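Working notes, beginning with the structure itself.
Values in this document were obtained by computation on a predicted structure and should not be read as measured data. Along the sequence shown, residues are numbered consecutively beginning with 1.
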Amino acid sequence: MPYSYASHLKCPVCDNEYDLHEIHQLCECGAPLLVEYDLERLQQEVDIQLLKERSNDLWRYHELLPVASEENVVTLGEGMTPLLNMPRLGAHYGIDHLYMKDESLIPTGSFKARGAAVGISRAKELGVEEFAMPTNGNAGAAWALYAARTGMRATIVMPQDAPMITRSEVALAGASLYLVNGLISDAGKMVAEKVQQQGVYDASTLKEPYRIEGKKTMGLEIAEQLGWKMPDVILYPTGGGVGLIGIYKALQELKAIGWITGRLPRLVAVQAEGCAPIVKAWQEKKERSEFWEESTTVAFGINVPKALGDFLVLRALYDTSGAAVAVSDQELLQVQQEVAAMEGAFVCPEGAATFAAAKRLAVEGWIRPGESVVVLNTGAGIKYPDTVQTEAPVLEIGDSIL
């Protein structure tokens, strides 16, 4: 049996197909390319029971990943993060079965390690020696560290007010780090210039086809961890939206090979009120979003004014009878505290936004009694030390706390 059943690249807009063995970025029509698999052959040749014998990382699903040879896998042990029951918080929110997929325990402290692991592994397999990418912080950190793991050169451009820890990760990994006094969209323009002028590999969100394949493993894991049964709702913090697109792709592939059956979960894209282009487009029943002017939010990872794959996010929402929700910074910061106090989890601001959205949807009756709900915490709260402000009394030696 082959290590991977990937067969070709396909454009979701014009249906153009591309050779998997060559370097491709976007389709000639400008749309992202997606990896297609020989699912019929995979269904016939791969037994689901094989997973029981494999290591607890995302490479356990290698047949549904694009890396053709195991020798090209670049790994730091990523994947199979906990799916935690949150009973106290669920009772508080009126959600009978609330779970958190906790990506804070993955290498580099965020779900971005999944995309970096598969993206870097595939780039290595294709002979890439140098890449450039814009980032809001965590993705750049992950790609820089995985690049260091395999000796690949990296150029990372991020907004000046990106989390300090992510800057340090990039710098320590030996990548070329640049800070821009602007947004990720401004960083993207600078990366595009370097790509055009110097011909380096463009690792920008959805401008290479493989990051999404790493992130789709969140969906594969959720399915396996629930005994190959689907939750009713999955909520995801959405900036570029690759994670949500990937989860939807994963569930479609699992259904095609018969590992899951029935209706797919209702997917919910969660954004901040200060940057909610997907929410606005969904409310207006549009196929694409508009650029969000003067975007701002403490949930820095979802501060993306315009996503290249917005139409894929919206398609996933429409196809699953899902929704898009915008929460305020005040709401998500309050919920971040609730999650820590009631369940002992220090979630990132983006993860807190998904809990805030679930809370609201339960109050509104969109999440119904008895339904099972999975929220994604996409990173560790400790990577955002400036988000939480605390005060404590200072004692002198000899003072008492009684």
Side-chain angles (χ1 to χ4, degrees), residues 84 86 88-95 98-105 109-112 136-139 141 158-167 183-184 234-241 243-244 268-280 292 294-305 323-364 366-367 373-393:
L84 300 174
M86 312 289 271
R88 293 184 65 200
L89 201 65
H92 183 59
Y93 291 169
I95 300 174
L98 179 63
Y99 300 90
M100 175 179 70
K101 180 67 169 165
D102 190 7
E103 294 292 285
S104 68
L105 302 182
S110 86
F111 78 111
K112 303 289 188 178
N136 268 332
N138 279 318
M158 66 175 68
Q160 188 176 10
D161 52 355
M164 180 63 73
I165 290 175
T166 61
R167 295 193 217 173
L183 302 172
I184 189 173
I234 297 177
L235 297 99
Y236 196 87
T238 305
L244 189 145
V268 180
V270 181
Q271 298 195 297
E273 287 182 353
C275 185
I278 298 292
V279 177
K280 183 175 184 292
W292 191 276
E294 299 181 2
S295 62
T296 179
T297 172
V298 296
F300 203 75
I302 53 176
N303 189 7
V304 179
V325 178
V327 300
S328 68
D329 282 0
Q330 181 179 0
E331 284 180 278
L332 70 87
L333 290 174
Q334 178 185 342
V335 166
Q336 186 183 40
Q337 184 176 4
E338 290 175 354
V339 177
M342 299 187 73
E343 295 287 0
F346 185 9
V347 300
C348 64
E350 298 82 9
T354 64
F355 280 101
K359 180 180 182 180
R360 186 191 300 175
L361 291 173
V363 169
E364 294 174 351
W366 192 88
I367 293 175
V373 178
V374 174
V375 300
L376 272 292
N377 174 44
T378 49
I382 56 175
K383 297 197 77 172
Y384 300 80
D386 296 332
T387 302
V388 180
Q389 304 299 322
T390 60
E391 293 184 5

Separation of [Y] [atom2] from [X] [atom1] (nearest 0.5 Å):
X	Y	atom1	atom2	value
D161	N303	CG	CG	8.0 Å
N136	K112	CG	NZ	7.5 Å
D102	L84	CG	CG	5.5 Å
T354	L376	OG1	CG	7.0 Å
E103	N377	CD	CG	8.0 Å
N138	T166	CG	OG1	6.0 Å

Legend entry - Under 3.5 Å donor-acceptor, E343 side chain and R88 backbone: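 Judged by distance alone, yes, a pair lies under 3.5 Å.
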
Legend entry - Check: T390 side chain, V388 main-chain N or O, donor-acceptor pair, under 3.5 Å: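 Here the side-chain-to-backbone pair does not exist.
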
Legend entry - K383 side chain reached by S104 side chain, heavy atoms, under 4.5 Å: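 S104 vs K383: side chains apart.
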
Inset, instruction - Side-chain contact test, heavy atoms from C-beta onward, threshold under 4.5 Å: evaluate it for M86 versus V339 and give yes or no. - result: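 Yes; the side chains approach each other to less than 4.5 Å.
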
Legend entry - Donor-acceptor side-chain pairing of T297 and D329 below 3.5 angstrom: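 Distance-only check passes for T297 and D329.
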
Legend entry - Between Q334 and Q330, a side-chain donor and acceptor under 3.5 Å: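 Short answer, no.
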
Heavy atoms only: give me the nearest [X]-[Y] pair and the separation to one decimal.
X	Y	value
F355	Y93	O-CE1, 3.9 Å
F300	E350	N-OE2, 3.2 Å
P349	L332	O-CD1, 3.7 Å
T378	P237	CG2-CG, 3.5 Å
Q336	A352	CB-CB, 3.8 Å
Y384	C348	CE1-CB, 3.7 Å

Legend entry - Salt bridge present between E331 and K359 (N-O < 4.0 angstrom):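 Looking at K359 together with E331, the answer is no, because their closest N to O distance does not fall below 4.0 Å.
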
Inset, instruction - For atom CD of E294, decide whether the heavy atoms of other residues, nucleotides or ligands shown that lie under 6.0 angstrom number more than 12. - result: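 No, not enclosed.
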
Inset, instruction - Give a yes or no on whether I382 atom CD1 has more than 12 heavy-atom contacts from other residues, nucleotides or ligands under 6.0 Å away. - result: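 Count not over threshold, so no.
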
Legend entry - Verdict with supporting geometry, L235 and L361, side-chain contact (heavy atoms from CB on, under 4.5 Å): CA-CA 11 Å; L235 297 99; L361 291 173; 4.0 Å; yes

